[in-house]
Amino acid sequence: MGPVRTVRGPIVTALTLGVTTLVGFALAVPAEAATVVPTVRTTAASTYQTNGIVWALAYANGVVYAGGTFTTVRSPGAPQGAAGASRKNFAAFNATTGALLPCAPVATNNLGNSTVRALAASADGGTLYVGGYFSSFGGVGRSNLAALNTAGCTVKAAFAPRVNSTVRAVAVNSGSNVYFGGQFHSVNGVTRNLVASVTPAGALTSFNPNAVAGGDPQRYTSMRALTVTADNQQVVLGGDFVSVGGRAAQRLAMVNASTGTVTHTFGSFIPSTSTVKALAHDYSRFYLGAEGTGGGVFDGRAAFTSSTGTQVWRDNCLGATQAVLVAGQTLYSGSHAHDCSSTPGGFPNGRRYHLLAQAISDRTIQTWRPNTNDGIGEALGPRALTMSADGALWVGGEFTTVNNVAQQGITRFLPR
């Protein structure tokens with residue numbers, strides 16, 4: 001558990017289950033816990049480092065992009081405080097070699113507290129959408145949302161929606177819509193509460209779920225995670241809201257991808273003491289990660305069928321989940337899990353494990369357990385995950401060590 005992105009995982013074919021899923025929120029428990037072979041190694045590869053927090057990661061056309069709150073990127077192995085290349089909240093790396101690339105648009109604002117909180121690539125990888133809290137990106141005026149031509153690393157001139165506050169999540173379908181969520185209440189001067197959609201040209205669409213935040217006004221104020229189902233028909237919303245489209249919807253909802261009309265709500269599945277921090281999907285399901293504070297929270301992960309919103313499984317691990325990514329038969333997550341005693345393959349309350357791998361079939365925790373420390377900021381460890389085309393898992397966050405070796409902000413694990 002701890003104080004209060006996303007990243008979308010690559011589309012993969014879901015494992016066909018030989019288990020009957022019960023109606024509603026009943027948990028399907030298999031006869032035997034599933035063992036899968038995680039797709040990546042446990043040893044970390046040599047990787048550049050940031051001098052601050054990486055909040056978001058995305059892959060496109062041979063490049064891994066990192067967004068966050070940092071000012072420099074330094075060489076692998078260089079200690080904290082060592083000189084590095086100037087990178088203001090945004091950096092790009094060769095996905096194969098890990099080399100720092102010259103692509104370096106600067107995200108800034110006049111208040112000196114700019115940050116990048118969300119990254120998502122278009123289906124063809126030609127455009128990278130960047131969300132956060134900034135008034136300028138790449139030297140061009142942009143209000144918290146921008147688009148980058150990945151070929152040439154230039155800011156798209158035509159894409160300039162005006163979002164009146166922080167963007168914390170971005171998702172793109174295989175068609176033309178760009179969905180984004182955050183703390184805002186208007187886009188291009190039109191009311192849009194916490195979530196909206198624009199075309200690739202930045203034009204506001206009719207998509208309008210009209211989410212309403214609830215809880216502590218200093219904390220529960222934002223849409224935090226989005227994913228589009230594989231059929232492009234629905235958008236899954238996760239965050240701090242208590243209603244969507246005038247319907248009670250606590251922290252989690254599914255809406256029509258064209259209109260934003262609510263298609264499924266989940267009652268009190270997510271307690272009011274928790275929030276949804278991460279969403280990912282494969283061909284038939286979506287997966288979430290949650291975070292809570294206090295007693296009776298939900299801190300773990302869950303899987304649902306994308307067509308009906310029926311729960312397939314959930315774990316009850318404690319230790320706020322910040323990121324999820326599905327690859328093959330494995331669900332990777334970033335958290336600070338410290339008690340998974342009720343989950344197959346889990347562990348008793350005690351040591352914090354910041355990176356976990358679970359079988360997507362039945363939530364069984366696998367023996368793949370590289371680890372980071374809590375790090376800086378809110379001291380929650382990993383904050384973002386993405387996977388490059390060659391199958392390397394990239395991890396970003398607040399950590400300053402990986403497997404007990406100094407490594408700040410970003411790391412990667414090569415494919416087996």
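Results of the side chain to side chain donor-acceptor pair (under 3.5 Å) test with Q322 over H336, E291, R224, H354 single out E291 as the only residue that passes. Looking at V228, T229, V255, V276 one by one, the single match for side chain to side chain contact (heavy atoms under 4.5 Å, CB included) with V236 turns out to be T229. S114 pairs in a side chain to side chain donor-acceptor pair (under 3.5 Å) with only one of the listed residues (T108, N89, T69), which is N89. Test F180, Y179, F159 against Y129 for ring-ring contact (aromatic ring centres under 6.0 Å, His included) and you get one pass: F159.
R383 has a carboxylate O that lies under 4.0 Å from a charged side-chain N of E378, or vice versa, which qualifies the two as a salt bridge. A salt bridge is defined here as a Lys NZ or Arg NE, NH1 or NH2 lying under 4.0 Å from an Asp or Glu carboxylate O, and D240 with R251 fails to meet this definition.
For the pair R117 and W55, the cation-pi criterion (under 6.0 Å, within 45° of the ring axis) is fulfilled.
Within the 4.5 Å cutoff, the side chain of D374 has heavy atoms near those of the R352 side chain. In this structure, R192 and V163 have side chains that are not in contact, with every pair of non-hydrogen atoms separated by 4.5 Å or more. The shortest side-chain heavy-atom distance between T400 and N373 falls under the 4.5 Å cut-off. Annotation: side chain of R301 is not in contact with side chain of R363 (no heavy-atom distance under 4.5 Å). In this structure the side chain of T71 reaches within 4.5 angstrom of the side chain of N51, judged on heavy atoms. V312 has its side chain within reach of T305: a pair of non-hydrogen atoms, C-beta onward, lies under 4.5 Å apart. Residues Q183 and M223 are not in side-chain contact: their nearest non-hydrogen atoms beyond the backbone lie 4.5 Å or more apart. A 4.5 Å side-chain heavy-atom check between T42 and R369 finds every atom pair outside the cut-off.
Annotation: N110, atom CG; neighbour count of heavy atoms from other residues, nucleotides and ligands within 6.0 Å does not exceed 12. Dense packing is recorded around CG of N349, with more than 12 heavy atoms of other residues, nucleotides or ligands lying under 6.0 Å away.
Using bins of under 30°, 30° to 60° and over 60° for the plane-to-plane angle, the ring pair F137/F90 lands in the perpendicular bin. In this structure, W313 and Y287 have tilted ring planes: the angle between them lies in the 30° to 60° band. Under the 30°/60° scheme for interplanar angles, the aromatic rings of F93 and W394 are found to be tilted. Ring geometry for F286 versus F304: interplanar angle under 30°, hence parallel rather than tilted (30 to 60°).
For S274 against G292, the heavy-atom pair with the smallest separation is OG-CA, 3.5 Å. The minimum heavy-atom distance between G295 and T273, with the atom names listed, is O-OG1, 4.1 Å. C103 and Y65 make their closest contact through SG-CE2, 4.4 Å (heavy atoms, listed as atom of the first residue, atom of the second, distance).
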Yes or no on side chain to side chain donor-acceptor pair (under 3.5 Å) for K277 and T321, after CA distance, side-chain angles and deciding distance?
CA-CA 7 Å; K277 295 297 290 291; T321 306; over 6 Å; no

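For the atom pair L331 CG and Q366 CD, the distance stands at 11.0 Å (nearest 0.5 Å). Expressed to the nearest 0.5 Å, how far OG1 of T372 lies from CD of Q408 amounts to 12.0 Å. Taking CD of E398 as the reference point, atom CD1 of I53 lies at 4.5 Å (rounded to 0.5 Å). If you take OG on S284 and CG on D231, they are separated by 11.0 Å, rounding to the nearest 0.5 Å. In this structure, the separation between CD on Q49 and CZ on F70 is 12.5 Å, given to the nearest 0.5 Å. Note: D315 CG to T343 OG1 = 4.5 Å, rounded to the nearest 0.5 Å.
Here the side chain of T401 pairs no donor or acceptor atom with the backbone of A406 at under 3.5 angstrom. Not one N or O on the side chain of Y332 forms a donor-acceptor pair closer than 3.5 Å with the backbone of P38. With N109 contributing its side chain and F134 its backbone, the two residues share no donor-acceptor pair below 3.5 Å. At distances below 3.5 Å, at least one donor-acceptor pair connects side-chain atoms of T47 with backbone N or O atoms of A45. Remark: the backbone N or O of A151 is not paired with any side-chain donor or acceptor of N149 at under 3.5 angstrom.
Listed by first and then second residue, the side chain to side chain donor-acceptor pair (under 3.5 Å) pairs involving residues 133-148 amount to none (not counting sequence neighbours).
Judged by distance alone, the side chains of Q234 and T263 do bring a donor and an acceptor atom under 3.5 Å apart.
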